[in-house]
Amino acid sequence: MKVNWEGLLPIQGEIVVVEDDPTLRLLMVDIVSEIGATVRQFDSADDALTYLLQAHKKCRMVIADHGVPGQIQGTEFIEMVRGKWPSIEAILTSGYALDLTTIPPATIYLHKPWSLDELVISVAALLQPGHPLRKT
């Protein structure tokens with residue numbers, strides 16, 4: 001996969017992806033890796049939170065699906081991450097219609113099926129604000 005965007009700076013740091021669908025998780029990892037970030041992937045928010053408690057200093061963003069297996073759902077995961085590490089940016093995804101008032105503040109919500117463009121634009125908007133993107 002080749003992502004070509006004018007104005008997209010290489011994304012430095014780590015992005016944590018939480019998605020239980022293996023095909024979609026692999027696609028997300030490929031996209032985020034292509035734009036330069038290091039990716040850590042998990043199929044549950046429980047495992048991702050455990051990882052962050054040990055290695056949060058590297059993480060710049062979490063991308064979490066709302067409906068994942070385990071004790072913690074995506075929305076709760078983002079609230080926990082933001083409560084402990086306010087500088088970590090967040091994108092929430094879901095195939096279900098969520099009540100928009102339940103989405104944590106300053107979180108971008110992508111309803112499935114989202115496009116590659118929507119994901120790249122969302123990551124860039126949070127991690128490199130002030131640098132507009134154009135697809136080349």
Side-chain angles (χ1 to χ4, degrees):
M1 174 183 326
K2 188 67 178 152
V3 179
N4 289 316
W5 288 87
E6 186 176 314
L8 180 64
L9 305 174
I11 301 298
Q12 303 294 315
E14 186 174 88
I15 295 178
V16 168
V17 172
V18 181
E19 171 59 60
D20 60 325
D21 179 297
T23 304
L24 187 53
R25 185 174 60 243
L26 182 58
L27 175 65
M28 294 166 80
V29 167
D30 285 349
I31 293 168
V32 173
S33 296
E34 183 75 29
I35 60 176
T38 302
V39 185
R40 297 286 178 252
Q41 57 180 306
F42 301 92
D43 62 0
S44 77
D46 303 47
D47 292 342
L49 187 59
T50 300
Y51 169 77
L52 286 172
L53 288 168
Q54 300 165 353
H56 73 277
K57 290 186 173 140
K58 299 176 192 175
C59 185
R60 295 194 58 210
M61 172 181 281
V62 294
I63 303 172
D65 179 31
H66 176 70
V68 291
Q71 298 293 317
I72 306 168
Q73 295 298 294
T75 303
E76 297 166 303
F77 171 69
I78 289 172
E79 288 171 344
M80 290 175 173
V81 168
R82 284 282 180 69
K84 190 151 181 71
W85 307 289
S87 66
I88 295 178
E89 300 291 352
I91 297 173
L92 177 68
T93 70
S94 181
Y96 300 101
L98 299 180
D99 177 354
L100 298 181
T101 63
T102 65
I103 297 170
T107 299
I108 292 179
Y109 171 60
L110 297 177
H111 190 327
K112 293 177 183 176
W114 42 260
S115 70
L116 178 143
D117 292 346
E118 288 174 303
L119 182 61
V120 171
I121 288 168
S122 298
V123 169
L126 292 172
L127 294 183
Q128 60 178 48
H131 289 75
L133 293 184
R134 288 195 310 259
K135 195 168 183 181
T136 58

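- With sequence neighbours excluded, no residue forms a side chain to side chain donor-acceptor pair (under 3.5 Å) with Ser122.
- Between the side chains of Asp47 and Ser44, at least one donor-acceptor pair of N or O atoms lies under 3.5 Å.
- The hydrophobic cluster around Tyr109 extends to Val16, Val18, Phe42, Leu49, Tyr51, Leu52, Leu53, Val62, Val68, Ile72, Phe77, Ile78, Met80, Val81, Trp85, Ile88, Leu92, Leu98, Leu100, Ile103, counting ILVMFWY residues whose side-chain heavy atoms fall within less than 4.5 Å of a member.
- Under the 4.0 Å criterion applied to side-chain N and carboxylate O atoms, Glu14 and Arg40 are assigned as salt-bridge partners.
- Residues Asp117 and Ser115 bring no donor and acceptor atom of their side chains to less than 3.5 Å of each other.
- Of the inter-residue distances, the one linking Ile108 atom CD1 with Leu119 atom CG reads 9.5 Å to the nearest 0.5 angstrom.
- Asp46 places a side-chain N or O within 3.5 Å of a backbone atom of Gln71 that can act as its donor or acceptor partner.
- For the atom pair CE of Met28 and CD of Gln41, the computed distance is 10.5 Å after rounding to the nearest 0.5 Å.
- Separation of atoms CG (Asp20) and CG (Asp43) is listed at 7.0 Å; rounding is to 0.5 Å.
- Scored by the side chain to side chain donor-acceptor pair (under 3.5 Å) test, Ser94 finds no partners at all (sequence neighbours excluded).
- A salt bridge links Lys112 and Glu19; the closest N-O separation between the charged side-chain nitrogens and carboxylate oxygens is under 4.0 Å.
- Contact of the Ile35 side chain with the Val123 side chain is registered, since non-hydrogen atoms from C-beta on lie closer than 4.5 Å.
- Interatomic distance, CD1 of Ile11 versus CE of Met61, reported as 7.5 Å (0.5 Å rounding).
- Linking Ile, Leu, Val, Met, Phe, Trp and Tyr whenever their side-chain heavy atoms come within less than 4.5 Å leaves Leu24 and Leu26 in two separate clusters.
- Atom CD1 of Ile63 sits about 13.5 Å away from atom CZ of Arg25, to the nearest 0.5 Å.
- Salt bridge Glu79/Lys84: absent, no basic N to carboxylate O contact under 4.0 Å.
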Verdict with reasoning, Ile91 to Leu126, per side chain to side chain contact (heavy atoms under 4.5 Å, CB included): CA-CA 9 Å; Ile91 297 173; Leu126 292 172; 3.8 Å; yes
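- Judged by distance alone, with hydrogens and angles left aside, the side-chain atoms of Thr107 form a donor-acceptor pair with the main-chain N or O of Pro104 at under 3.5 Å.
- Ile15 has its side chain within reach of Leu127: a pair of non-hydrogen atoms, C-beta onward, lies under 4.5 Å apart.
- Not a single donor-acceptor pair under 3.5 Å links the side chain of Arg82 to the backbone N or O of Glu89.
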